[in-house]
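Please read the structure below before turning to the comments.
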Amino acid sequence: MATDGLHENETLASLKSEAESLKGKLEEERAKLHDVELHQVAERVEALGQFVMKTRRTLKGHGNKVLCMDWCKDKRRIVSSSQDGKVIVWDSFTTNKEHAVTMPCTWVMACAYAPSGCAIACGGLDNKCSVYPLTFDKNENMAAKKKSVAMHTNYLSACSFTNSDMQILTASGDGTCALWDVESGQLLQSFHGHGADVLCLDLAPSETGNTFVSGGCDKKAMVWDMRSGQCVQAFETHESDINSVRYYPSGDAFASGSDDATCRLYDLRADREVAIYSKESIIFGASSVDFSLSGLGLIVFSESTHRYLRIESEIVPCN
Amino acid sequence: MAQGSGDQRAVGIADPEESSPNMIVYRKIEDIITKMQDDKTGGVPIRTVKSFLSKIPSVVTGTDIVQWLMKNLSIEDPVEAIHVGSLIAAQGYVFPISDHVLTVKDDGTFYRFQAPYFWPSNCWEPENTDYAIYLCKRTMQNKARLELADYEAENLARLQRAFARKWEFIFMQAEAQVKIDRKKDKTERKILDSQERAFWDVHRPVPGCVNTTEMDIRKCRRLKNPQKSVYGVTEESQSQSPVHIPSQPIRKTTKEDVRKQITFLNAQIDRHCLKMSKVAESLIAYTEQYVEYDPLITPAEPSNPWVSDDIALWDIEMSKEPSQQRVKRWGFSFDEILKDQVGRDQFLRFLESEFSSENLRFWLAVQDLKKQPLQDVAKRVEEIWQEFLAPGAPSAINLDSHSYEITSQNVKDGGRYTFEDAQEHIYKLMKSDSYARFLRSNAYQDLLLAKKKPESEQGRRTSLEKFTRSVAYIEKTHSQVNQLDDKCLELHLRKGSQGEEQQCVCLRIQGWRESLKVGLCRLQAVVPNSLYTEYHPAFSDLQRLALQPSRIKKKKI
């Protein structure tokens with residue numbers, strides 16, 4: 001296939017058909033390696049069984065829907081942001097509110113806790129991501145110290161600090177992701193490739209890795225190299241928006257939750273979808289997914305229900 | 001059931017609006033509802049029930065609905081079936097005939113199905129004029145069952161004030177509606193009235209109920225143009241809602257885009273991939289290895305703070321004494337030991353004993369470089385170069401000539417990825433060489449087996465405890481580094497509690513300012529017939545407080 005040189009007599013249509021045939025060939029190649037199903041191999045793992053999830057704490061204080069939350073590395077503090085424009089930092093163990101700030105816009109769709117625990121980032125309909133240092137000085141006005149870091153041309157859907165307080169990764173309704181230097185607000189790298197709004201992202205859990213995965217309204221999940229800005233792998237098997245993506249704890253795979261009411265597991269080494277989690281009685285889309293520490297459990301949140309799925313084979317509902 | 005991912009279905013969508021997230025849900029529900037009402041294929045029994053003065057047409061009990069859901073959607077738990085039923089009701093596809101609150105109960109309560117005209121998939125967004133017409137109409141009909149509820153009466157009063165000027169118009173519309181309704185058959189009217197009421201229960205819910213028509217603002221853009229009136233009233237002032245501007249794809253696909261795609265696809269075809277069996281094995285092996293560390297599955301010890309309200313577990317994790325389980329984890333992979341602060345320190349100490357700590361210190365320095373703000377990057381690159389790579393560097397690392405070439409080229413540009421290649425080499429080197437030896441070393445094995453030291457163990461512990469406390473005191477009282485001067489702190493450790501022979505050690509911690517190096521010493525406890533050295537992890541804390549990068553100078557006493 002000629003990919004070098006520019007052939008002016010190539011029409012868009014011929015290029016598209018070339019791409020389609022390549023896609024077909026790729027699928028064929030991948031299918032050759034599909035010698036077993038994950039859930040077959042998983043049968044040897046002990047089933048999770050009926051899992052009763054209990055509410056341990058209820059944090060009250062937001063005036064409207066809570067859109068996003070993030071844990072601090074100390075495993076007890078949380079930052080949450082809401083449709084009412086408020087961002088609150090809680091010590092969830094004691095349920096005390098430690099900090100609160102009102103954003104100038106409603107629908108704060110993204111928030112993140114800095115690895116040091118000394119700052120938070122948030123944004124939403126203002127198209128920006130702002131960083132607020134957390135101070136325990138009662139006299140200080142948190143809003144006064146606000147630093148505007150990221151600027152997008154549409155809403156901010158997700159943000160995350162890298163393993164440092166100094167860089168932030170953002171995803172936006174403008175279809176791009178971007179990496180920013182917090183101090184200077186400078187754009188370090190941008191990531192183009194999604195065909196529609198990007199709704200979520202997750203950083204790879206490796207000490208040495210430089211990758212992250214993003215999911216969007218174009219039904220694609222894309223894995224990016226932070227250094228080059230290139231997309232290294234892409235997966236397009238969902239039938240609707242991907243609302244949430246999360247790496248498997250080993251970093252070799254990731255799960256995605258979508259409005260098509262399924263969650264899927266994609267493995268990076270097989271470059272393929274390796275499992276689908278769905279159930280006839282689950283009608284609504286999954287809004288958020290996460291793994292338990294060992295990866296054995298995949299927790300999915302969907303339209304006010306929580307379902308606990310066992311990663312490898314079956315879905316075990318719980319109250 | 002999890003399905004295999006053999007066939008990647010191509011999704012052919014004729015109408016892009018049909019694929020909007022809401023539509024997907026609506027079509028699923030409509031599919032269920034249609035099946036439920038189909039008595040040829042085992043639908044629910046919809047019948048007319050005789051009530052004491054009249055008949056109640058076309059109803060089904062909650063229990064019937066729940067039973068049907070359990071059978072037809074393969075639901076085992078009735079609670080789940082009730083939940084699904086309630087979700088369907090909340091969207092407005094089925095409703096209780098005698099309640100404004102849209103839930104489904106597993107009992108003899110009667111429910112009715114919503115008319116397709118009122119289905120949410122028609123994208124209704126009724127204006128307040130419509131609602132006013134409806135409430136007005138209700139007051140015109142003199143029937144007990146159509147009396148307004150309190151919240152409805154309040155709403156009507158509010159609307160009358162808001163629409164004072166056009167109330168005549170609204171009144172006329174309401175009258176027209178009443179006339180139309182009167183022409184209908186009595187039974188049909190009962191059904192239609194209840195369906196209309198259910199429609200308004202969705203779009204103007206009872207206070208306290210969630211409004212299911214509220215949209216996620218991120219998904220709004222793809223909705224069809226909404227229909228504004230169920231009564232066919234067109235308002236001149238109705239403008240298109242800003243959130244309903246149909247969304248176009250971000251930009252049109254160009255030739256360049258497709259060429260990029262082709263390049264990408266070719267790269268993917270050339271990619272070396274693993275077989276599913278290998279991949280599955282790896283994922284499962286990981287899970288099996290980490291299950292004991294997963295608090296959701298294996299109860300944490302001493303207890304899960306969220307369950308017991310006791311934060312002992314977190315205190316233990318924060319302390320510098322690693323548990324056996326934690327030490328075991330360092331052996332799982334090189335990344336594990338690098339992730340854990342305590343593990344890193346242990347590994348560093350081991351490397352120092354072998355005089356090969358420059359590799360790890362280089363790796364750590366490069367990690368740190370990547371975390372720096374942009375403005376500090378160039379300076380740090382230079383520092384790292386000078387320390388580890390320049391000719392005559394004090395902590396020279398061993399790189400092959402190829403990597404060295406690349407790195408010295410990169411240093412000229414001084415970006416945060418300058419040492420990426422070198423770091424990768426050093427990582428691999430440490431992983432295959434030093435890490436492997438560390439795992440076999442006495443230091444690691446002792447920690448792993450939590451080897452009990454003979455007699456003086458007790459005494460040493462006490463000394464260590466005292467020492468730790470003293471250090472903690474120092475840290476607390478001298479937390480502001482800038483305020484310290486050259487204090488020389490001497491701590492005398494007492495003899496062991498058993499009174500056994502133990503050499504006292506005098507520790508000196510010099511200088512807390514950035515320019516001074518933190519002095520470290522080894523705590524020596526002499527026991528009969530053996531020499532034991534212990535490196536107290538608290539020193540790494542002191543070192544961090546002194547804001548120095550990893551520069552640990554050993555000081556023999």
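Every chain is numbered from 1 and lettered A, B, ... according to where its sequence line falls, protein lines coming before strand lines.
Interface remark: of the candidates B/V258, B/V25, B/V279, B/V279 forms the most heavy-atom pairs closer than 4.5 Å to chain A. Among A/R30, A/E28, A/Q230, the residue with the largest count of heavy-atom pairs under 4.5 Å with chain B is A/R30. Chain B forms more heavy-atom pairs under 4.5 Å with one residue of A/D165, A/D74, A/L67, A/L188 than with any other, namely A/L188. Taking A/E29, A/R227, A/Q167 one by one and counting their heavy-atom pairs under 4.5 Å with chain B, the maximum is reached by A/R227. No other option in A/D252, A/L199, A/D260 has as many heavy-atom pairs under 4.5 Å with chain B as A/L199. Counting heavy-atom pairs under 4.5 Å between each of B/K278, B/E288, B/Q261 and chain A puts B/E288 at the top. When the candidates A/L33, A/D271, A/T162 are compared by the number of heavy-atom contacts under 4.5 Å with chain B, A/L33 comes out ahead.
Nearest heavy atom pair, residue A/D259 against residue B/I24, reads O-CG2, 4.2 Å. Taking every heavy atom of both residues into account, B/Y286 and A/S294 meet most closely at CD2-O, 3.7 Å. Smallest separation of non-hydrogen atoms from A/V232 and B/R271: O-NH2, 2.8 Å. Contact record, B/W314 with A/R76: CZ3-CD, 3.7 Å, taken as the closest heavy-atom pair. Taking every heavy atom of both residues into account, A/G295 and B/D294 meet most closely at N-OD2, 4.3 Å. Looking at every heavy atom in both residues, A/A270 comes nearest to B/C273 through O-SG, 3.9 Å.
Looking at B/I217 and A/T106, their side chains never come closer than 4.5 Å, going by heavy atoms from C-beta outward. Contact of the A/K65 side chain with the B/E214 side chain is registered, since non-hydrogen atoms from C-beta on lie closer than 4.5 Å. Proximity of B/L296 to A/F291: side-chain heavy atoms (C-beta onward) are nowhere separated by under 4.5 Å. Within the 4.5 Å cutoff, the side chain of B/Q375 has heavy atoms near those of the A/E183 side chain. The closest side-chain heavy-atom distance from B/K28 to A/F284 is not below 4.5 Å.
Heavy atoms closer than 4.5 Å to chain A are found in the side chain of B/Q367, but not in its backbone. Contact of A/D267 with chain B is made through the side chain alone, with heavy-atom distances under 4.5 Å. Of the atoms belonging to A/S92, heavy atoms from both backbone and side chain fall under 4.5 Å from chain B. Heavy atoms of B/L374 lying under 4.5 Å from chain A belong to its backbone as well as its side chain. Heavy-atom distances place no part of B/L69 under 4.5 Å from chain A, backbone and side chain included. Interface residue B/N72: only backbone heavy atoms are found under 4.5 Å from chain A. No part of B/E424 comes within reach of chain A, as not one of its non-hydrogen atoms sits under 4.5 angstrom from that chain. Contact annotation for B/Y427: only side-chain heavy atoms (C-beta onward) come within less than 4.5 Å of a heavy atom of chain A. In this structure, the portion of A/N154 lying under 4.5 Å from any heavy atom of chain B is its side chain and not its backbone. The contact between A/E280 and chain B is made by backbone and side chain atoms together, counting heavy-atom distances below 4.5 Å. Of the atoms belonging to A/Q83, it is side-chain heavy atoms, and not backbone ones, that fall under 4.5 Å from chain B. Proximity to chain B is absent for every atom of A/T262, based on heavy atoms less than 4.5 angstrom apart. Residue A/K23 touches chain B through both its backbone and its side chain, counting heavy-atom pairs closer than 4.5 Å. Of the atoms belonging to B/Q268, heavy atoms from both backbone and side chain fall under 4.5 Å from chain A. With a 4.5 Å cut-off on non-hydrogen atoms, B/D309 touches chain A through its backbone and its side chain both. Contacts of A/P249 with chain B are made by both backbone and side-chain atoms, with heavy-atom separations under 4.5 Å. At a 4.5 Å heavy-atom cutoff, the contact between A/Y155 and chain B is made by side-chain atoms alone. With a threshold of 4.5 angstrom between heavy atoms, A/S184 approaches chain B through side-chain atoms but not through N, CA, C or O. In this structure, chain A has no heavy atom under 4.5 Å from any part of B/V366.
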Next item on the list: With side-chain contact (heavy atoms from CB on, under 4.5 Å) as the test, would you mind laying out the steps for A/N210 and B/E420 before giving the verdict?
Entry: CA-CA 11 Å; A/N210 273 326; B/E420 210 62 2; 2.9 Å; yes
Next item on the list: With side-chain contact (heavy atoms from CB on, under 4.5 Å) as the test, would you mind laying out the steps for A/C231 and B/F264 before giving the verdict?
Entry: CA-CA 8 Å; A/C231 169; B/F264 177 79; 3.8 Å; yes
Item checked: side-chain contact (heavy atoms from CB on, under 4.5 Å) between B/E80 and A/S281, intermediate numbers included -> CA-CA 9 Å; B/E80 197 183 331; A/S281 58; 3.0 Å; yes
Next item on the list: Apply side-chain contact (heavy atoms from CB on, under 4.5 Å) to the pair B/K371 and A/M166, showing each step before the final yes or no.
Entry: CA-CA 6 Å; B/K371 295 180 190 180; A/M166 293 297 140; 5.7 Å; no
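Taking a cutoff of 4.0 Å between a charged side-chain nitrogen and a carboxylate oxygen, A/E18 and B/R259 do not qualify as a salt bridge. Salt bridge status for B/K219 with A/D241: present, with a side-chain N to carboxylate O gap under 4.0 Å.
Using a distance-only test at 3.5 Å, with no hydrogens or angles considered, a donor-acceptor pair links the side chain of A/Y248 to the main chain of B/L283. Looking only at distances, no side-chain donor or acceptor of A/D181 sits under 3.5 Å from a matching main-chain atom of B/P373.
To the nearest 0.5 Å, the span separating CD on A/Q40 from OG on B/S277 amounts to 11.0 Å.
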